[in-house]
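Every chain is numbered from 1 and lettered A, B, ... according to where its sequence line falls, protein lines coming before strand lines. These numbers come from the heavy atoms of this one structure, side chains and all, not from hydrogens, waters or symmetry mates.
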Amino acid sequence: MTGYWHIPAIAMSLTAAFVIFDLTWVTVSVFMWLGVLGVLRRLRRTVIAVSLVMVVYVSFHMPSTSSSTKQYSPYEHLPVEGTIQSDVHFVSGKISFTLYVEKMNAFMNVVYFYTDDDMVTEDMIQPLKYGASCLIEERPERPSENTNPGEFDYSSYLAQRNIQHQIILSSLERISCTGSSPLNSIFQLRNKLVEHVRHSVDPEVSGWLNALIFGDNNDIEDPVLDLFRRWSLSHLLAISGLHIGLVIAMLYTSFVTSNMLTKEKTGWLIMAILPVYALLAGGAPSVWRASLMAITFLMMRKLGSSPSLTDVLSVIFIVTIIVNPYIVYHIGFQFSFLVTFGLVLSKTWLAQTFHNPFYTLLKISFTSQMIILPLQITYFYTFNPLSILLNVVIVPYFTFFVIPAMFVILAVSMFSGVVHPLTVIFAEVHDIVISMVMTLDDVLYVPFVIGSFPLWGAVIYYLLFIWMMVNMQMNKGKQAFKRGLAIVSLIILVMVRPYVSPTGTVTMLDIGQGDAVVIELPYRKGIIMIDAGGQLLFDGEGVSDKVYKRMIQPFLLSRGIGHVDAIFLTHEDIDHIGSATHVIDDFNVKTVYISNYFDLKHQFKDDMMRHQINVQRLEANTQLQVGGHPFLILSPSQHWGSSNDNSLTIMTTFGHLSWLFTGDAGEEVEAQLIDQYPNLNVNVLKVGHHGSQTSSTEQFLHTIQPEYALISAGRNSHYGHPHPQVVKNLEAISARIYRTDVHGAVMFHFDKESGHFQLYQSD
Amino acid sequence: MAICLWCDCDIVPHITWPSLFSPEKPTRLCQACTYRLYKLQGPRCRICSRETEESTCHDCAWWAQYFNNEDVLAFNYAIYLYNDHMKDIITKWKYRGDYVLGHMFADVFYETFQRVFSNLKEEVLVVPIPLSDERLAERGFNQAEMLAHFLCEQPSSFVERVQGEKQSKKTRQERILSKNHFKIKKRINKPVILVDDIYTTGATLRHVAVQLRKNGCPKVYGFTLARG
């Protein structure tokens, strides 16, 4: 088997991919591949046999992610009895852990949300330990599913971790735990160390230290995390080979160079320390991969054999999947193994330029980014080509400065006299670097917004990529360049799909209480939004970016949308414009249309000025075109005295149906509309004011006779939207009612001739 | 697991992009020992395969002149340079009777043969340079015959060595001017590829070639493992 372990590993991952994509029959190709290699005598029988066993194992043991049939019977008696099977996470406002319920052989996610730190006392959380047995007086429930395209799907996220239920604790009094497992002491040590760093190191540095040494990102601000993600630098924050390598180098230097221990003993010491460090560093798949590789290498060295890198990586890959098949869904696992495998395969190519470290780093960065590209696009919808260059600068900066500095600061953190000046120096330098990256981000962040990446695209991509790497290694630059061009063409082909599609889409997003409608014209002639609502923060001050981050942004990106031609903001309520500033910040917005009576706040105005957005005020009877598509403004023709009634009322046509969007306009406006346009013919009505009783009078509905009524309202809304009377009125004229609170996002696909509705949650 | 024929270490295949889905054929030499063998590359003498910028090297020009501008040898293709490493291998293989060492060249010898001689349209005969009976008895096997067996099932054996001292113990002058010890047992009307381990001065190959040409052979090529 020596030298051939990558064959079963590849066979296994291909099979897993086929099973995940419901293409299990394609596994035949794996059999054929192995068969051909067997006939050509390139593989020994043992290698083929082991590979076949792996293929069969994976095709039968690959867990499905669709929320399973394992239902928690509501008649099951409380309390739920189980043991804590994960580190207990304490993030501000939230405590969470995984519970294993033996009786059901099921894992559950247990969460406790709190708003006030005083609600959580030391003796309440003290019993929450890894391995503790707990009794919980709270009913498990199914985690919520996503209701918008592109939105993060929490239930399948949990299902990918073999978790089908969650328990949301209403109070910590509902849980009582006793005991713990020996591993708990390591987790507790980690929590203590993180806490210690928080208290003894200056806050602008402690966040980095905890992230880079203990794998705890919670204290790094979201804008920085986003920045790192946009520039594909997040791998630096995930503890992996880079960090483990540095840990080994530091241990080695400090023990061997100082003559404290022999090389032999240091080797044993490192082998003993690495697993403990892996746990202390949070135990993410990348940490384990790197630590296990290092341990295996040291071990084999001691046994006097020199293993091949591919073998070590492949064996760890195979064992990891057998131990926990769910790990294949873990994004960190996928990225970590794929990148490492890509670099290991490139070793000959990388060695060709060992005399030129810059070029070698560029090759490493290039290989690492390109090999995960289809995954990167699937998860984040965008690709920033310049990130390959930035990595060449930032990776050495972290390797040779930031991470070693973090270890030094941690080592001296007991002595406050020393640690403070050190952190000040570090913070000075680090601030400059991070703000340089931020400046770069302002000026040069030009991502490819690709949207979803089709499976056929991924298959062709990997074939071309491997071909290109073969050419590169054989120094066939011209050939490699051709393959590179083919890859770029493939990505462009994927990107232009909407521009050649005669189908347009209108999507009423489910953002809870609030409006956000996205219109994609056929052939991508224009992207138009009608409102971009947000949610007030709990304290009522300011707007949360939750709606934008969770629903609006991922939806736009997943559709491959990078610019917006026009946004109509019907009126100035938060549930209609709360996310507009974010859309303007992140997407290239050309025009914002508001009514004559829209109360434009200073800050919002400045925002739009800064982005050089053309702001146009509209009044009734204006006709305008966006991307060649006509819109008619029916209202407001006067100042109604209330922001709701001043809503822009927009009339347009999609797929031979006429649509009316009335914002939050009330019955007076409706009365005026039917008075001024007695022949108003509406096929699709975006029902006013989320279905509130203040709009949609019987008379109005009766006059315009919509066939479809779209209502955007929150689930269990405390406004009581939509009002039962409105629903009754709509039923009376036998309009089809599509509601976001029932159906999730409502989509309408149309072309020149006709169109059809699609409900995200149709049951 | 495969073990290197020369240094006895474990051979661990190096998997890189080209060998990702299709592992290379198992080799008989480890990578380090393979690297120490130098494959002749770049511009070479079109007659004798010596690495040189000239199209025909000085020695081959001399041979051409010697045969009145019609060299009896069309050309000789050699794969490796006869460097110290190759010298060590050949010594152990040929003179010390480590027969199995020859297998390390099986694949490369066959593949190169296919590449270089595949464009010869007519049927050709593969002929190993024979040893005298005395020498064969002493060594136990003929290395040229072993190499020829890598190329075809039945190498032809119509060349005979009457007797002869070891070429390797002679000086260049002695070799070139020595008496021709080869005999051809029948008339030949097909082209012949002569197979030997080393091409040093080219005298041996040309001695056989002269005899072959005299017996009707239209064209004679050489194919050797190394170029001295």
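- Panel note: side chain A/Thr320, backbone A/Ile316; a donor-acceptor pair is recorded below 3.5 Å.
- The ring of A/Phe333 has its center closer than 6.0 angstrom to the ring center of A/Phe337.
- Contacts of A/Ser308 with chain B are made by both backbone and side-chain atoms, with heavy-atom separations under 4.5 Å.
- The aromatic rings of A/Phe465 and B/Trp17 stand perpendicular to each other, their planes meeting at an angle above 60°, with 30° marking the opposite boundary.
- Within the 4.5 angstrom heavy-atom criterion, only side-chain atoms of A/Leu43, from C-beta onward, approach chain B.
- Residue-level contacts of residues 353-366 of chain A with chain B do not occur; threshold 4.5 Å between heavy atoms.
- Between chain B and the options A/Met474, A/Lys347, A/Met469, A/Arg41, the largest number of non-hydrogen pairs under 4.5 Å is found for A/Met469.
- Defined by atom type and a distance below 3.5 Å, a donor-acceptor pair is missing between the side-chain atoms of B/Thr91 and B/Arg96.
- Applying the side chain to side chain contact (heavy atoms under 4.5 Å, CB included) test to B/Asn83 and every residue at least two apart in sequence or in another chain returns B/Tyr38, B/Leu81, B/His85, B/Met86.
- Remark: B/Lys92 is positioned above the aromatic ring of B/Trp6, its terminal NZ or CZ atom under 6.0 angstrom from the ring centre and at most 45 degrees off the axis.
- Most heavy-atom pairs under 4.5 Å with chain A, from the set B/Cys9, B/Pro13, B/Pro23, B/Ser22: that is B/Pro23.
- Counting heavy-atom neighbours within 6.0 Å of B/Glu24 CD, excluding the residue itself, gives a total of 12 or less.
- The contact between A/Ile7 and chain B is made entirely by side chain atoms (from C-beta outward), counting heavy-atom distances below 4.5 Å.
- Partners of A/Lys478 under the side chain to side chain contact (heavy atoms under 4.5 Å, CB included) rule, at least two apart in sequence or in another chain, do not exist in this structure.
- In this structure a side-chain-to-backbone donor-acceptor pair under 3.5 Å is missing from B/Lys25 to A/Leu40.
- In summary, the aromatic rings of B/Phe223 and B/Phe109 are positioned with their centroids under 6.0 Å apart.
- Two rings, from B/Phe117 and B/Phe75, have their centers less than 6.0 Å apart.
- Residues B/Arg227 and B/Ser49 have side chains that never bring a donor and an acceptor to within less than 3.5 angstrom of each other.
- Residues of residues 29-37 of chain A lying under 4.5 angstrom from chain B, judged on non-hydrogen atoms, are A/Trp33, A/Leu37 by number.
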